[in-house]
Every structure is written in structure tokens, then in C-alpha cells.
Visitor: 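To start, I am sharing the structure in question, which I have written as C-alpha cells.
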Amino acid sequence: MGPLLQVERCTKYFGGLRAVCNFDITVNEGQLAGLIGPNGAGKTTVFNMITGLYTVTDGDILFDGKSIVGMQPHAIAQLGISRTFQNIRLFPNLTVLDNVRTAYHTHAGYGIRDAIFRTPHFWRKEKELTERAQEFLAVFNLADRQDEIAKNLPYGEQRRLEIARALATNPRLLLLDEPAAGMNPKEVVNLMDLIHFIRDKFSLTILLIEHQMRVVMGICEEITVMDFGEVIARGTPAEIQNDPRVIEAYLGRGTAARLGGVRYAS
Amino acid sequence: MKRRKLEFLGASWLFWVGAIAIYAVVQVLFSTNVITDYMKTVIQLGCVMTIVSLGLNLIYGFNGQFSLGQWGFYAIGAYASADITYRYAAKVSIPLNLGFATFDVGKIAIFLVAILFGALLAGVIAYLFGLPVLKLGSDYFGIATLGFTIVVKVLADNSDTILPFPEMKGARGMVGIPRLTTWFWSFFLLVLCILILRNILHSTTGRAIVSVRENEIAAKAMGIDTVKYKTLSFVIGGIYAGLAGGIYAHLYAFLHPSLFHFIKSFDPMIIIVFGGLGSITGTIVAAFAWAFSLEGLRIILPSGAEAWRYIIYPVALLLIMLLRPQGLLGGIEWGFLKPIQWPRRKIDTGAPTVETATQEAV
């Protein structure tokens with residue numbers, strides 16, 4: 001299958017600080033790709049450039065063959081790129097159901113006139129939309145929580161809700177920013193199964209940032225490693241695990257040398 | 001959700017019967033002089049303040065944009081509609097005798113056209129003003145809208161000199177506005193405003209508006225055009241203020257620029273903070289409480305004591321902020337203002353759960 005996302009030589013400066021430099025990545029349709037790197041490597045900056053929250057200083061980003069550089073974030077989202085955030089950004093005071101229904105906004109299919117007069121069309125579409133939202137919640141095992149206020153959910157459920165909300169925008173490409181952060185080992189295993197499940201069920205392409213090696217190594221088909229804003233390695237999980245530059249980036253040169261050829265992830 | 005046939009604006013026939021009953025009972029109390037003319041005006045002032053404050057609650061409470069411009073749009077609606085009825089109401093008279101009462105259909109039509117014009121003018125100005133200003137951050141937006149209210153007040157002061165409206169009489173105050181606001185119009189326009197606001201909020205449009213308040217970046221990432229919805233709520237809020245201004249002008253039949261001083265623009269702000277940001281019920285209760293305490297205390301307290309109001313208000317506000325930061329009725333809505341309840345459904349998606357998660361070797 002052809003490439004869905006192509007990032008070509010992207011560079012981002014914040015004033016004099018070079019956050020990302022000549023970043024390249026190609027994600028093919030249906031692929032589950034990973035982006036890893038030490039803290040401050042520029043991973044989230046890459047996500048923010050793809051979703052239009054940051055303007056790109058230089059380079060090009062193609063989604064489905066068309067450049068999306070310079071487009072508004074909401075317009076990019078409407079093209080079919082959805083995301084979650086490293087620091088959870090739910091709509092904290094809305095109910096769990098409303099969080100998902102809000103994301104369904106662009107596919108609601110009725111306008112403000114129907115809403116004001118509560119026409120039969122409004123009732124029909126609102127019912128349809130609510131049932132869709134409930135299905136997304138069911139996938140993430142949150143169906144019983146639909147009337148709770150989002151900020152009152154436990155952390156792991158907030159993470160799952162954020163993915164459910166991202167899916168409700170009906171994306172083709174899903175960007176997950178540290179989906180397993182703060183989850184216990186059991187939840188992490190469940191999350192990995194879920195990511196596989198939603199990829200197949202909603203025919204998604206997924207690019208994820210993750211720190212927990214067992215997540216990245218367990219589910220990603222191709223991994224790109226960043227350090228100091230640049231790509232330092234790319235390959236299958238097995239290749240990455242043994243790449244000396246990756247070990248060096250994570251552990252520092254001295255430790256890497258002392259460990260010699262010891263395999264990085266266990 | 002069962003389909004209900006007998007409804008208008010999503011409110012059942014039972015709701016409308018109740019609304020007509022409230023209208024009729026109060027009307028009877030007016031006609032039999034159980035409620036004095038003075039208190040009748042106060043009740044209608046409550047309706048006016050509720051409409052202004054509902055508009056502001058949409059902008060600040062639901063959309064999260066701190067605006068002090070509401071009073072400027074109120075002034076625009078008041079002056080614009082008053083100018084129309086001042087010019088044309090005396091010339092049109094189509095009496096309609098129904099036996100038990102006589103209505104002047106011509107005057108009613110002029111009145112409705114005038115207040116709708118005032119509301120729409122306020123909406124158009126809100127749109128033009130909002131386009132550049134809503135791009136500013138929240139604090140700067142507050143300052144800019146405060147400036148707007150001051151500009152409108154200065155224009156009202158000089159409406160007969162720098163603006164071509166000698167009949168507005170500038171700082172001397174506009175007299176001769178026909179007294180066309182009746183309890184019927186105050187009450188039913190208020191009911192319409194409440195229902196329309198409720199219907200907007202409990203729809204996908206309303207969720208988009210609220211998402212901007214909740215987390216603007218997340219809203220954008222979910223495909224919501226945040227600028228569009230900020231502008232939309234600012235315009236609807238402006239229309240509400242303009243409409244209320246029109247009702248007010250034809251209630252008191254006198255407009256003076258000092259009524260539209262920017263200090264007064266804090267009144268609706270106090271009302272929505274007191275009643276609860278994001279609560280329609282709270283706004284209604286607080287606006288009527290405001291009208292009754294402002295005018296009602298004038299009757300109850302001995303003369304000269306009304307100055308105490310300006311001590312009672314801040315203390316009450318302070319206590320509310322300390323004891324109930326979400327507002328008096330924050331998070332509470334009357335039955336018909338509650339969101340539509342949807343049943344929970346058992347759906348088996350076949351998705352993996354924590355229990356079924358594969359124990360991969362890792």
C-alpha cells in the first residue's frame with residue numbers, strides 16, 4: 001500500500017533553538033509505526049507540526065499526496081489526522097459521552113437551524129451520533145462511565161477516553177503521543193491489544209510516540225529513532241534494539257561502551 | 001428516544017400550557033392591581049436582565065471568552081430600536097377589536113420590527129468587532145470589549161452632534177419613545193431566548209462552543225473551527241443583548257447615556273458569576289434576584305439605605321466566590337434545561353478488555 005504520510009526534510013526553529021532538523025518519515029497505509037527518542041528529542045514537536053499546531057520552518061508534509069503545510073489545525077483534523085496528547089487534553093468538565101460526541105462534530109450532519117427548532121432531522125442525527133459515540137466508548141470499555149465527568153476518571157481511563165475521542169473524528173491517520181504513560185503493566189498489555197484491535201477494526205494507520213520499550217518493541221512494525229531533533233536510526237524493532245547509536249542516545253556514550261554489545265531492551 | 005409530535009422548539013405542549021398559565025396568572029395579578037405598576041416594571045426589568053445575562057453566559061460561561069462588551073450591544077439595541085419606533089410608531093395604527101380587548105396590530109408590528117432590527121444590528125456589529133478582536137488572548141479580549149462599551153457610551157453622549165440622530169438628544173437623554181413593551185412580550189421573548197439557548201447548547205454546535213472553553217487546542221485537534229465558534233457565540237450573545245436593549249427602551253420609554261456607562265457592564269457579569277457560569281437556571285434566578293434587590297430594596301429599606309446595596313452586592317459576591325465557587329446554581333439545571341438523556345446501551349464490540357488481554361512475553 002502507498003504512503004499515507006510523508007514528512008520531508010522538516011525543520012522547526014523556536015527562535016534560535018533548533019528543535020527538529022531535516023526530519024523525514026514515511027508511514028504507509030495500514031502501518032503501525034513508532035517514533036522514539038530520549039526526552040527533548042523533538043518527537044512531540046514533530047506531532048505538533050503534522051497536526052498544524054506549530055508552523056513548519058522548512059520542509060514539507062504530505063498527507064495522502066497533498067501538502068498540508070500552512071493549513072489550520074482543524075482543517076488538517078478534518079482531512080483525517082487525529083491525535084492524542086502527551087499531557088492529557090480532555091474536555092475536563094464534560095461527561096465522558098460528550099467528550100466523544102464533541103469529536104464527532106464534523107460528521108454530525110445537522111446545522112444550528114435544526115438544533116434551534118429541534119427538527120426530526122435533529123433527533124435522528126443526534127440519536128445516530130450518540131449511538132456511534134457509545135460504540136466508541138464500548139470499544140474502550142468505558143460504556144458504563146458515559147455520564148461521568150471526564151476529569152473524575154482514573155488516569156488510565158482518561159488515556160483510553162482520549163483515544164476514543166480521537167477515533168470519533170473518523171481519522172485515517174491516528175497519532176498517539178505516549179498512550180501508555182502512567183499505566184500499570186496490566187493496562188499496558190491491554191492497551192497494546194486495543195491498538196491492534198482498533199487498527200484493524202477502523203482500518204487505521206497509526207504513528208505512536210512511546211517511552212515504554214515493551215510497547216514500542218511489541219507492536220510497532222517500523223521504528224524511527226530521534227535524538228537532538230534528528231533521525232539517528234530507522235528499522236524493525238530487532239534492528240533498532242541492536243543499533244549502537246540508539247543505545248548511545250539512550251544511555252550515553254560511556255555506559256554504552258561499558259555495556260558493549262549487551263542487548264538494550266529486555 | 002420517542003418522537004414527540006406536539007412540540008415547538010423542542011418543548012412539549014405541556015411546557016407551553018405551563019408558560020401560558022404563568023403569563024396569565026401574572027397578567028391577572030397586574031390587572032387586579034395585586035402587583036403594583038412599579039413592581040410590574042421591576043419584573044419586566046428582570047426579564048430584560050435575564051436575556052442580557054444569558055447572552056453573556058453564552059460568551060463567557062459556555063464559550064470561555066471574558067467579555068465586558070455586552071453592555072455596549074445592549075445600548076446599540078436600545079437606541080436603534082427606539083429610533084425606529086420614535087420615527088414610525090406614531091404614524092402606524094391598525095386597531096383590531098376582538099371584543100374583549102383592542103390590539104393595535106400596526107404598533108405591535110413596528111415594535112417587533114424595531115427590536116428585531118436592534119438585535120440584528122447588535123449582532124452585525126458583534127460580528128465585525130469580533131472578527132479581529134476574538135483573535136486576542138482572553139485578558140486582552142476583556143480589555144478590548146471594555147473599550148467597546150466605552151466607545152458606545154461616548155457615541156450615545158454625542159448622538160446628536162457627531163452622529164446624525166438629533167432625536168436621540170445626546171447627553172440630555174432620549175425622550176418620547178412609545179411605551180410598547182408589555183408583559184406579554186417581555187415574558188414570551190424571554191421564554192423564546194431561554195429555549196433557543198438551551199437548544200443550541202444541547203446540540204453539536206453547543207458542544208463545539210463548550211469545547212473551546214474546555215480546551216482550545218484539543219478542540220482544534222478534533223476538527224473544530226474554534227474561531228468560527230467563538231465568533232458565533234459572540235454574535236448570538238450580542239443579539240441577545242440587542243434584543244434586551246430594545247425591550248428595555250420600550251419599557252421605560254427613556255434612554256440616557258449614563259444607563260450605558262461601562263460600570264454597568266459589570267452587572268450582567270456579576271449576575272452570571274453569582275448564578276453560576278455555564279448555568280442557564282442560575283442566570284435566570286440571579287437576574288431576577290438582581291432586579292428585585294436593586295429596585296425591591298428601595299421599597300423595603302428606609303430611604304437613604306439603598307446605598308447599602310453597593311456594600312451588600314460585593315459582600316454577597318465575595319461570599320459566593322468563597323463558599324460556592326461554581327456559583328449559586330452552578331451545575332444545577334431545571335428539568336427542561338437539562339441535556340437530553342440517552343439510554344445506556346450494552347454493545348459487544350469484541351474489543352479486548354483488561355481481563356482478556358493476552359499475556360504476551362515481554
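So you know, we letter chains A, B, ... as the sequences are listed, proteins then strands, and number each from 1. Keep in mind that this is a model prediction, so the values were computed, not measured.
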Visitor: So A:F91 and B:V210, do their side chains get closer than 4.5 Å, heavy atoms only?
Guide: no
Visitor: Find the distance between CD1 (A:I116) and CG (B:L9) and round it off to the nearest 0.5 Å.
Guide: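 That separation rounds to 8.5 Å.
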Visitor: Between B:E7 and A:R118, what is the shortest heavy-atom contact and its length?
Guide: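 Looking at all heavy atoms of both residues, the closest pair is OE2-O, 4.1 Å.
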Visitor: Looking only at non-hydrogen atoms, find the nearest pair between A:T106 and B:G223 and report the distance.
Guide: CG2-O, 3.3 Å
Visitor: Pick one of side chain, backbone, both or neither for A:L194, based on which atoms fall under 4.5 Å of a heavy atom in chain B.
Guide: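 Its backbone and side chain both get close to chain B.
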Visitor: Any chance OH of B:Y140 has more than 12 other-residue heavy atoms, nucleotides or ligands included, within less than 6.0 Å?
Guide: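 It does not: B:Y140 OH has 12 such atoms or fewer within range.
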Visitor: Identify which of A:Q72, A:Q146, A:R101 forms the greatest number of heavy-atom pairs closer than 4.5 Å to chain B.
Guide: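 Ranked by heavy-atom pairs under 4.5 Å with chain B, first place is A:R101.
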Visitor: Please state whether the side chain, the backbone, both or neither of A:E162 comes within less than 4.5 Å of a heavy atom of chain B.
Guide: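 Interface part for A:E162: neither.
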Visitor: Report the option among B:L195, B:T205, B:I196, B:L197 that has the most heavy-atom pairs separated by less than 4.5 Å from atoms of chain A.
Guide: B:T205
Visitor: Can you tell if the side chain of A:K151 reaches within under 4.5 Å of the side chain of B:E214, non-hydrogen atoms only?
Guide: no
Visitor: A:F85 versus chain B, heavy atoms under 4.5 Å apart: side chain, backbone, both or neither?
Guide: side chain
Visitor: What part of B:L201 gets within 4.5 angstrom of chain A, counting heavy atoms only: side chain, backbone, both, or neither?
Guide: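 Contact with chain A involves no heavy atom of B:L201 at all.
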Visitor: Could you walk me through whether A:R89 and B:M222 pass the side-chain contact (heavy atoms from CB on, under 4.5 Å) test, one step at a time?
Guide: CA-CA 11 Å; A:R89 286 181 185 273; B:M222 296 303 121; over 6 Å; no
Visitor: Taking C-beta and beyond as the side chain, do B:Q326 and A:N93 meet within less than 4.5 Å on heavy atoms?
Guide: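 No, every pair of side-chain atoms sits at 4.5 Å or beyond.
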Visitor: Hey, what do you get for CG (A:N48) to CD1 (B:I217), rounding to the nearest 0.5 Å?
Guide: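 CD1 of B:I217 is found 8.0 Å from CG of A:N48.
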Visitor: Which atom names give the shortest non-hydrogen contact between A:A77 and B:A221, and what distance separates them?
Guide: CB-O, 3.3 Å
Visitor: If only atom types and distance count, is the side chain of B:R344 paired as donor or acceptor with the main-chain N or O of A:D144 below 3.5 Å?
Guide: yes
Visitor: Please look at B:A219 and chain A and tell me whether the side chain, the backbone, both or neither of the residue comes under 4.5 angstrom of a heavy atom of that chain.
Guide: both
Visitor: What about the rings of B:Y229 and A:H105, do their centers lie closer together than 6.0 Å?
Guide: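 Between A:H105 and B:Y229, which both carry aromatic rings, the centre distance is below 6.0 Å.
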Visitor: B:G206, B:A11, B:S203: which one forms the most heavy-atom pairs within less than 4.5 Å of chain A?
Guide: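 It is B:S203.
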Visitor: Considering only heavy atoms from C-beta outward, does the side chain of B:W342 approach that of A:K127 to under 4.5 Å?
Guide: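 When only atoms from C-beta onward are counted, A:K127 and B:W342 do touch, with a gap below 4.5 Å.
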Visitor: For each of B:T226, B:I224, B:D225, B:V227, tally heavy-atom pairs with chain A at distances under 4.5 Å, and name the one with the top tally.
Guide: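 The answer is B:D225.
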Visitor: So does B:F15 have more than 12 non-hydrogen atoms from other groups sitting under 6.0 Å from CZ?
Guide: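 It does: B:F15 CZ has more than 12 such atoms within range.
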Visitor: Among A:T84, A:T51, A:L94, A:D98, which residue has the highest count of heavy-atom pairs closer than 4.5 Å to chain B?
Guide: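 The residue among A:T84, A:T51, A:L94, A:D98 with the greatest pair count is A:L94.
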Visitor: What residue in A:E135, A:R83, A:K125 has the most heavy-atom pairs under 4.5 Å with chain B?
Guide: A:E135
Visitor: Using heavy-atom distances under 4.5 Å, tell me whether A:Y110 contacts chain B through its side chain, its backbone, both, or neither.
Guide: both
Visitor: What closest approach, in Å, do B:P352 and A:N190 show between heavy atoms, and which atom pair accounts for it?
Guide: O-ND2, 3.3 Å
Visitor: Assess the residue pair B:L232 and A:I112 against the criterion (side-chain contact (heavy atoms from CB on, under 4.5 Å)); give the C-alpha distance rounded to whole Å, side-chain angles, the decisive distance to 0.1 Å, and a yes or no.
Guide: CA-CA 10 Å; B:L232 180 72; A:I112 188 168; 4.0 Å; yes
Visitor: Taking CH2 in B:W13 as the centre, count heavy atoms belonging to other residues, nucleotides or ligands within less than 6.0 Å. Is the count above 12?
Guide: no
Visitor: Take atom OH of B:Y23 as the centre, draw a 6.0 Å sphere, and report whether it contains more than 12 heavy atoms from other residues, nucleotides or ligands.
Guide: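 Correct, the count exceeds 12.
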Visitor: Which one, A:L90, A:L79, A:T169, A:T102, leads in non-hydrogen pairs under 4.5 Å with chain B?
Guide: A:T102
Visitor: Counting heavy-atom pairs under 4.5 Å to chain B, which of A:D114, A:V139, A:L97, A:T95 comes out on top?
Guide: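 Looking at each of A:D114, A:V139, A:L97, A:T95 in turn, A:V139 comes out on top.
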